[in-house]
Amino acid sequence: MPTCLQQKTHKRIAFAARRSGFTLVEVLVVIAIIGVLVGLTVPAVNLAYKTIKKRAIALECQAIAQAVEAYRTKYDDYPPDGADPTLLARHLRKAFPNISPTEVALITSNADVASGTLTGSVMDPSEALVFFLGGFSDDPVFPFSGPGGPFIVMDGSTQVKSNAANITSIQYNPDRQNPLYPFKQAQLTLAVVGGLTGSSEDAALTGGTPDLLPAYHPSGLKMPFVYFDSRTYQQSTVANRFATLSAGVVYPYRSTAINTKFNAADNSVANRNKYFRFVNEKTFQVVSAGLDDNYGGQEGLFYMFKPTGGESTGSANSGDSLDLVASISSGTHPTPQYTRFNNSQGTSQADNVANFSEGTLEDSLSN
């Protein structure tokens, strides 16, 4: 017969066996706690991820700007953005004194990789960065089509260096020499069109036909970095810009500083366009569409950014958008149409990144 002590021991063992698992209430409590922790953690993780991505874009934008300055040091001139073919040709002859006329023709004419036709201008503000910073051949006569240059000019299977009118096919060379910026191929808008390597950027973004030169975009995004040369920010009534099919338009940004040489008595469109100075008015601008992959601009509107120490007009501040032609008459201050970089559709440029801003434009707002 079991003793009293043995009976107590058996009871404890039986009780422990019954308590070996969690009750339903305990499981639900644990699940609830985990859910609360996840709810608190996920937003923080997403915020940290976005912050890191924005910082990465800003750092890459600044690195590209430094490469543009390195180009100026090497060639004694800033690279053009392709908006002015005359300026482009003049720059090429200055940067490459021994360059062949056929090389100048290659880059001052549009080379369609599908057909090899040559008409118009070959680059837009997104493609200029890749062309000028990607590296050139050591061949002083053929810096573009020579070994390691940006172009492979093909006639059947033989590289040719003859009259551009005789060229039957041209393709982009992704294996270039002497780059001033290490463009990652995964971030270039490279595509094979008609059996030749070229750019998919025009067709995908602007609706144009594919051409020779790729653009360069931040990792994981589609909208490319855009480069504006100060010499072509504004040409008479035509503003330089980069327009897309569905991701807005970007113009060179204006500052809030007034051009003191503005003639209030001259009400011409060209003069009114001189009312506000541009940011980096004697150098260049590099702009990214930011994390939302949308430039956010609207056709016909100029967007303001107040640089450090910029002169305040009292009526135009950072983030304002203006129609200068319609708003300025006889020297009166224009009235902002939209603020905080918004357009009429509510699309914002606030997360755009530029080489003149600290992080995003919104982060750098001074008003």
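When reading the values below, keep in mind they use all heavy atoms of this one structure, side chains included, and skip hydrogens, waters and symmetry mates.
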Starting from the C-alpha separation in whole Å, work towards a yes-or-no answer on side-chain contact (heavy atoms from CB on, under 4.5 Å) for Met304 and Phe276.
CA-CA 9 Å; Met304 317 296 291; Phe276 286 110; 3.6 Å; yes
Any heavy-atom pair between the side chains of Asp81 and Asn240 that's under 4.5 Å?
yes
May I ask you to decide if Lys306's main-chain N or O and Thr256's side chain share a donor-acceptor pair within less than 3.5 Å?
no
Using only atom types and a distance under 3.5 Å, with no angle test, would you say the side chain of Asp229 pairs donor to acceptor with the backbone of Thr232?
no
Chi angles and distances behind the side-chain contact (heavy atoms from CB on, under 4.5 Å) call for Ser230, Glu281:
CA-CA 6 Å; Ser230 64; Glu281 63 179 339; 5.9 Å; no
Glu299 CD: over 12 foreign heavy atoms closer than 6.0 Å
yes
Please say which of Glu69, Lys282, Arg231 ends up in a side chain to side chain donor-acceptor pair (under 3.5 Å) with Tyr78.
Glu69
To the nearest 0.5 Å, what is the distance between CZ on Phe131 and CG on Leu88?
7.5 Å
How long is the gap from CD on Glu60 to NE2 on His217, to the nearest 0.5 Å?
10.0 Å
Would you find a donor on one side and an acceptor on the other, under 3.5 Å apart, between the side chain of Gln298 and the backbone of Ser344?
yes
Correct closest heavy-atom pair for Asp292 and Ser348 would be OD2-O, 3.7 Å
Would you call the rings of Phe278 and Tyr233 parallel, tilted or perpendicular, taking 30° and 60° as the class edges?
tilted
Would you indicate whether the side-chain heavy atoms of Val141 and Ile99 approach each other to under 4.5 Å?
no
Aromatic Phe302 / basic Arg254 pairing, under 6.0 angstrom, 45° off normal:
yes
Roughly how far, to the nearest 0.5 Å, is the OH atom of Tyr71 from the CG atom of Leu180?
8.5 Å
Kindly give the heavy-atom pair with the smallest separation between Pro125 and Arg241, and that separation in Å.
CG-O, 3.9 Å
Are any of the side-chain heavy atoms of Thr347 and Asn342 separated by less than 4.5 Å?
no
Looking at every non-hydrogen atom in both residues, tell me the closest pair between Ser246 and Asn294 and how far apart they are.
O-ND2, 3.6 Å
Any chance you could measure Leu92, atom CG, to Ile107, atom CD1, to the nearest 0.5 Å?
7.0 Å
Just so I know, are the side chains of Ser126 and Phe225 near enough to count as touching, which here means a heavy-atom distance under 4.5 Å?
no
Using the rule that two of Ile, Leu, Val, Met, Phe, Trp, Tyr join whenever any of their side-chain heavy atoms come within less than 4.5 Å, decide whether Tyr172 and Val104 are in one cluster.
yes
Would you say Asp139's side chain and Gly146's backbone share a donor-acceptor pair under 3.5 angstrom?
no
Side-chain contact test, heavy atoms from C-beta onward, threshold under 4.5 Å: evaluate it for Leu129 versus Ile64 and give yes or no.
yes
Within the distance-only criterion (no hydrogens, no angle test), does the side chain of Asn280 pair as donor or acceptor with the backbone N or O of Gln285 below 3.5 angstrom?
no
Give a yes or no on whether the backbone of Pro79 and the side-chain of Tyr227 come within a donor-acceptor separation of less than 3.5 Å.
yes
If you apply the rule side-chain contact (heavy atoms from CB on, under 4.5 Å), what do you find for Asn178 with Asp138, and how did you get there?
CA-CA 8 Å; Asn178 312 311; Asp138 290 325; 3.0 Å; yes
Contact check, side chains of Tyr253 and Gln349, non-hydrogen atoms, under 4.5 Å:
yes
Taking every non-hydrogen atom, the tightest pair across Arg340 and Ala350:
O-CB, 4.4 Å
Give, for atom OG of Ser145 and atom CD of Glu103, the distance between the pair rounded to the nearest 0.5 Å.
3.5 Å
One pair to check against side-chain contact (heavy atoms from CB on, under 4.5 Å): Leu190 and Gln185. What are the steps and the verdict?
CA-CA 8 Å; Leu190 287 175; Gln185 286 198 23; 4.3 Å; yes
Tyr251 and Phe228: aromatic ring centres closer than 6.0 Å?
no
Tightest non-hydrogen contact, residues Pro224 and Ala215, listed as CB-CB, 3.6 Å
Quick one: closest heavy-atom pair of Pro336 and Leu322, and the distance?
CA-CD2, 3.2 Å
Given side chains that start at C-beta, do those of Tyr303 and Leu361 come closer than 4.5 Å, heavy atoms only?
no
With distance as the sole test, does Asn355 use its side chain to make a donor-acceptor pair with the main-chain N or O of Ala65 at under 3.5 Å?
no
Indicate yes or no for a side-chain donor-acceptor contact from Ser255 to the backbone of Phe305 under 3.5 Å, with no hydrogens or angles considered.
no
For the CG atom of Leu221 and the OG atom of Ser288, what is their distance to the nearest 0.5 Å?
7.0 Å
Backbone N or O of Asp351 within a donor-acceptor pair of the Glu362 side chain at under 3.5 Å?
no
Measure up the Phe132 and Phe136 rings against each other and bin them: parallel (under 30°), tilted (30 to 60°), perpendicular (over 60°).
perpendicular
Heavy-atom side-chain proximity of Tyr75 to Lys94 below 4.5 angstrom:
no
Using modelled atom types and a 3.5 Å cut-off, is there a donor and acceptor pairing between side-chain atoms of Asn259 and backbone atoms of Lys274?
yes
